[in-house]
Amino acid sequence: MGLFKLKGFPGTGSFPHGIHPPDNKALSANMTVEVMATPRTVTLPLLQHLGVPCKQIVTSGETVSYGQMVGKGEAFVSASIHSPIAGKVKKNAMVTLPNGRRLEAITIQAEGEQTPSEKIWEEMKFTQWPRHGFSNYEPMDIVKKIQASGIVGLGGAAFPTHVKVMPNDTRAIDTLIVNGCECEPYLSCDYRLMIEAPGAIVTGALLTARAVSAREIVICVEDNKPEAIRRLQHAAKQTVVRVAVLKTKYPQGSEKQLVKAVIGLEIPLGGLPADAGVAVSNVQTVATVARSIIKGAPLTHRVISVSGRGICNPKNIFVPIGVSLAEVVDFCGGLRPDAVRIISGGPMMGFAFSDLSAPVTKGTSGLTVLTRDEVDKGAEETHCVRCGRCVDACPMNLVPTRLALAARYKNPELASQYHIRACVECGCCSYVCPAKLNLVQLIREGKVQVNAWERR
Amino acid sequence: MADQPTATERFVQGILPENPVYRQLLGLCATLAVTNGMKPALTMAVCVAFVLVCANVVISLIRNLLKPHLRIVVFTLTIATFVTVADRVLAAYMFQMSKTLGPYIPLIIVNCLIICRCEVCASKQNVVIAAADALGQSIGFGLALASIAAIREILGTGMLMGFRVLPSFWPDWVIMVLPPGAFITLGLLLGLVNYIDFKREQTRN
Amino acid sequence: MSLKNSNLVQAWLVLLLATLFGTALAGIQAKLGPVIEANKVKETMAKIPVLVLGEDLSAELAADNQSLTIKSRVIDVKKNGITKFYTVYDVWLPEGKMVGHVVKADGQGYADKIELLVGLDAQGKHITGLFVLDQKETPGLGAKIMEDAWRGQFKEKSTEKTLSVVKGGGAKEDEIDAISGATISSRSVTGIVNTTVANVASQLQVTDNPASNSKTPAVQTEDPGKNKEHS
Amino acid sequence: MMISLGIAGASMLVMAIIFSYVLGWANKKFMVEVEPKIEAVRDALPGANCGGCGYIGCSDYAVAIVADNVPVNKCTVGGEACAKAIADIMGVEVGDVVPLHAIVNCNAPLSSRLGRTQYMGEQRCASAQQVAGVQACTFGCLGYGDCVLACNYDAIHILDGLARVDYKKCIGCGACTKVCPRGIISIEGFREDIIPVVACSNKDKAKDAKAACENACVGCKACAKASDLFTISDNLSKCSYDNYSAQKHEEAVKAMEKCPTGCIHFMGAPVE
Amino acid sequence: MDYFVDILLIALSASIINNFIFYYFVGICPFVGVSKKVDMAFGMGCAVTFVMSIAAFLSWGITVFVLIPGAPVSAFIAGFFTTPEAAAQIDLTVLSYIVYIFAIASSVQFVEMYVKKFFPPLYRSFGVFLPLITTNCAILFACLTIMSHVAGVDNPKEVWDLGKAMTLALFGGLGFTIAIVIMAGIREELELCDIPKPFEGAAITLVIGGIIAIAFMGFTGVDSGVKKALKPVPHVSQVQEQPQRVALLNTKDCKGVIMP
Amino acid sequence: MSNTNRQIDSAMSPEDRPGRKPPFIHVAPSPHISDSRAGTRRMMVDVILGLSPAIAVSLYLFRFYALKQLIVCVAACLAAEYLFARMRGKYFTLKDCSAMVTGIILGLSMPGSAPWFVGALASVVGIGIGKIIFGGVGMNIFNPAMVGRAFVMIAFAQLMGAGAYENVTGLVDAVSGATPLSALKFNGVQTGIAPLFMGVTNGSVGEVSAIACILGGLYLIYRKTASWQIPASILITVALIAAITDIAGGYQGLFLLHHLFAGALMFGAFFIATDPVTSPLTAKGKMIFGVGTGCLIMVIRLFSGYPEGVMFAVLIMNAMTPLINRWTIPQPMGQREV
């Protein structure tokens, strides 16, 4: 591990432990981003981000235009929602998101003239994104604009971006890391974005850096994406943006691991990257930031990848947020008969779900459909033999088997002794476990137990 | 709460339902240490019985004179006296046995069984009940000791009470008469007793 | 502090019981003490006739209702600055002829201390018998040093030569066959015997006419070692 | 001989004097006040340490009774006899001891639940709760039996994918309530042998609720019209037990008959 | 030097080789009862060690000064009534059990009251174990062991002094602590195991105790080995021995070397 | 919300739709893929493969005696596992091969001359008291094979101890005569290093050849079925202590090599101590475990009455493992800076 030294950066280009799952990105990596037509209805859950739900500001029967704010994030840690289509607001519906959350959602039926999605995508792709002259922008203005555009982290966690880039006097940020690792197997949306719209990414990075007053800007890409690296390097010429090539390893895209790999610092437990003087943002997020600042467009669309052997035509699609996943699947030619598991996100950290009426949300990075062969490969579950493979795999340096058993036998005291809260639920332990234990699920359960135990 | 059990009930309780070894886990030191043969086990049981009965009776007689902070002191004083008596008598009339049992005779003093019965029963009940309780508990203790000793001696030496019971080609499991054998035998027997209980409970429902 | 609340008055029961029990125990000790002492002495003494005379002779003696005269003394041997004490029992026939000595010796065995009685003839030239008083060797292995067959090997060995332990055989004059699987125990016992003989044999003389005799009937008693498993 | 006896007795006496003096002195000097009542109450409690009273264990409850004048009737294991014994010690009146039992507020056997998908993770409710789409109803019983494992009295079982309480064994300790990740088990006082129960927890609107389960409460207010025992809130009917009595039984039966989805039941001792 | 070797051997023997629990079976009740949590077990171990030291101190003093024949105190008192020779013969060892247990019970109770009054946090953490210790065989066993090395020993050189007595107590207590902490560690682990219901609790604890006792048997003879290494016994005459044949399966490879 | 199956139906590709059932969708927690190469059974098979050189050497050297021990132990272990698992109401436990591994290790650690009932009893005790009573595979605190062997070692000291090997009137020449370690301990005889390394000395059937154990052990480490930390730290500790003794005694390195290659050290370090179930979880814990085992082995070899101490040392360290785990809870990433 130590042999690999990242040129020009304090970090080693990698982090201790971790795993190498087969990435299966070839399924969709070479598919150019397609644009999905405006859907008949969109369903916009009021909570698509981490934090407080936003407040609905339109009423049933009201007509809304493209990009109009329909939900306002009033709290600090919250994000507004904008309509991706022009249409009429219908009665609110209840939806169950793939992550299990049951929410109220604004339903909008398309009506009147629409702004075609193709236009938005072309804008992203072909605009001559500015490289210089950002000193005109006040950091606070950028932050306000980001907040007004309802931008959240598009890597999957959906943390409101304006909170992240809010200038902070106590914790100066000197590096902005733009995360283009996309370590999840199957997913390729960020890869496609980096290839097709590197300009937006570089501009977005510069703008975000301006907001947080970071001196250093690093775009991190794993070394299994040479094409993306080339394009980014080309786009970043004559700017302060640098491209760091990291070793391919899962979970390289996790914030803490990424910071460790690039800067060599560890983010304190329970802390934010800002505690290490770093801000981390996804490539798609910064591209959206660029669009929001330069073009004044809110976050209404995003690139997702639909992949896996269970889907007929794996694709990368530019979709309006709020379109139902069933439509997305239909767009990709439907499911194959041997498909058994539909996952929102990648196979390592995504959520399996069964209800395709759920909408695409800001945090949906993709849809992976696995077949029976891929899922049933493992043998039946046996008892943990304490082989310690999960310990070797855990990027957080935890003892997953102990955490899982503590949860299974309801021992929150033991679980907190073993630092259960530090777990990032990346799934490395379950992946390597020879006993096929559902370690991550148990640990998640353990966290609930620990919380209850500490409240007592 | 419920009525206090009578003397007879106390007596019967001690033998099996509240067996000091298997149910209350009392007096384990002696149980483990002297059960490598039937003879020492039975001698031990008799000594314990003697001390328990005498101590229970004496404590019961003076139960109204006890002061709380001096209670334990009086108990131990009484018990220790009778143990010394038993020890001396054994040394005088069964010298070899006394040597075999070694320090485990004086250790009867701190046998939790006795102090527990003094505390639980004798210091609250009249003499008859205390004596009956002591007798019942001693018989229960003796039975437990005998059961463990029988298994250990038979497996360990092929003999019981010095008579060969297993055929001579039996390879003696020396471990059974050594400390580990004691632990394992008692552990397994305890499991067995719990298992039988379990089954009985299940059939009752 | 009023008298009633005084600590001692409160504890009158303890004081009374303590005194009572103390006295009673002393009484019991006064009654049983001698018996116990006798038991202790008897344990050693009962072995002496067999060790010195052999089983047949001592049985004969017992049948005749005759008794040996036994006198004990302590020999201290100084070697390399360390003083070692040996209790030696000199044994005389009823008619006053010295027949031998029994030496009480101890040393480290495999598990714990081993206590031995070594019988020597009157001149201290030959070993007449060996008895293990106390041992805590492994049952089934080292504990076999107590068995007659193994102990018997020491009989008639000369004290001139140092005994050595060999495996399988033990045919030679100065060799002792090891117990299979318990070489250390065998060697410990042999070592103790060797040391004892080396230290004591030279200090034994034939003396007749015992001065003050402690007599013990040469009655064969049951082998006390039988029940001496360690617990 | 006599001297020996004397010395023995004397030395014992001296020793006893020393020790008992020191102990007596220490007893006074180091006296720490312990309320004897606490000990008495603790002895009177059954010692199951089940936590049913809401305290950490029996001794914690004993302290609370003595120190904070907490009602003496909270021990469900010991029941009335225990409450009476404690009341005697404390010199207070026993409050009304209503036997407590667990109620499962869901009545959908596996076949009635719609949108149930095969679930391949850890077979326990708390784990299944984390995964979306195990079944369409996000309120109802998951049926993996966390409550069965939690019950120390063998009083709750999973039958046909639904937790059911054995009222002969249930003592209302509340262990099942604590482990149920969906919080559908409640502990109620049973003033009668059987009481009406709205066996549904689905707070969705009628359409969504119907889509999730055949037996769901749709909040139609039919029961509320039939009896004032029932009130509707959040699209869900709720039964109030505070003024339930045998007289109200008839009303409850009527409400049960009115319910279109059949989610009102009588629970408690078997009716037959 | 020899004295320190003796002390070392006593310490080794008491703590590991002849462990109070695994070899002598004393202190089993707390071993089974208070070994559920490592912290509690450690507290119990400390309490036992502490009380054992106090008890050893008292019992050694009482034995030496009061009980054994010719002990100063009893001889002095008896001196008033009888001749000095007769006084020196007075043997009060029959009182030993009663005196020891008296001393243990009193000191335990005293310590308990003291700690309860003045160190409430300490009392909460380990004071609850103190009453249990009164009936802990390990303490009395330590006293009896000390007595057997003080009273009735033929060779005056082998009579234990206070240092040796305290060593036995301290390291006996240490051995007890080691045993109970190991067991508590294992029992915490057992919470994550699927033990058959009848074996839960005491039964499995005893079986594990048995397995550890087997393992501890591996130490048999370590004390004599150490003794041999540290304290060459001068009076054992050299035993001439024949080198033993080492079995080699292929005789031409036989290169057995006799060690110098 | 509408019926899920209907939704999936509509989402199926048009060509699949007519006459076909919609796909049956599972839900499961993340992650949804797992490493198909790893498996409990595979680990056990690896151990058997790793043991094969030692088995081969034992069969070559001891012929019938090794075969007998292996057959008796494996058969008894499987039977005991089946029986006890049945008693507990579990039926599938034979499939994971763990009982087989226990049987083979037990068989290899027996002296060739031991009668059949010794191996059988060891197997029953090992599986019963060493494993099933704790709940079966993965939950045992002690190495089952060593529990069984230690039990019979104490129970039948004469058939298992040093005596088993030096039975002069013995079966054949191959199994009579002392083992290298007992010869060293009791007679001060050192065996040559080459025969020790190649394994043409006497001893338990599987332990004699150091080279076979090293080969098998390296395979296990390569497969990551055994961690390298344990054997490495055991061997280094033993070598260090032996070296100190060596220098003190002036044996010119022979003593050190003798201790490394003689007895069950290699076998124990690679196959017994590395049992994942009974050794600590973390790398640091494994190091501590190995150092402890090494120290205990040397203490027992040098001072106690037993010539060999691997078995006892491993058992004692097994007992310590929960404590070691407790002491070596790793600091999670990010903890250190705070």
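Note that the coordinates shown come from a computational prediction; the quantities given were computed from them, not determined experimentally. Numbers restart at 1 for each chain; the letters A, B, ... are given by sequence-line order, proteins then strands.
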Compare every heavy atom of I17(D) with every heavy atom of L15(C), then report the nearest pair and how far apart it is.
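Smallest interatomic distance, heavy atoms only, reads CD2-N, 3.5 Å.
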Approximate separation, where rounding is to 0.5 Å, of T23(C) OG1 and L13(D) CG:
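With rounding to 0.5 Å, OG1 (T23(C)) is 9.0 Å from CG (L13(D)).
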Output the distance between atom CG (L20(C)) and atom CE (M12(D)), rounded to the nearest 0.5 Å.
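Output value for this atom pair is 10.5 Å.
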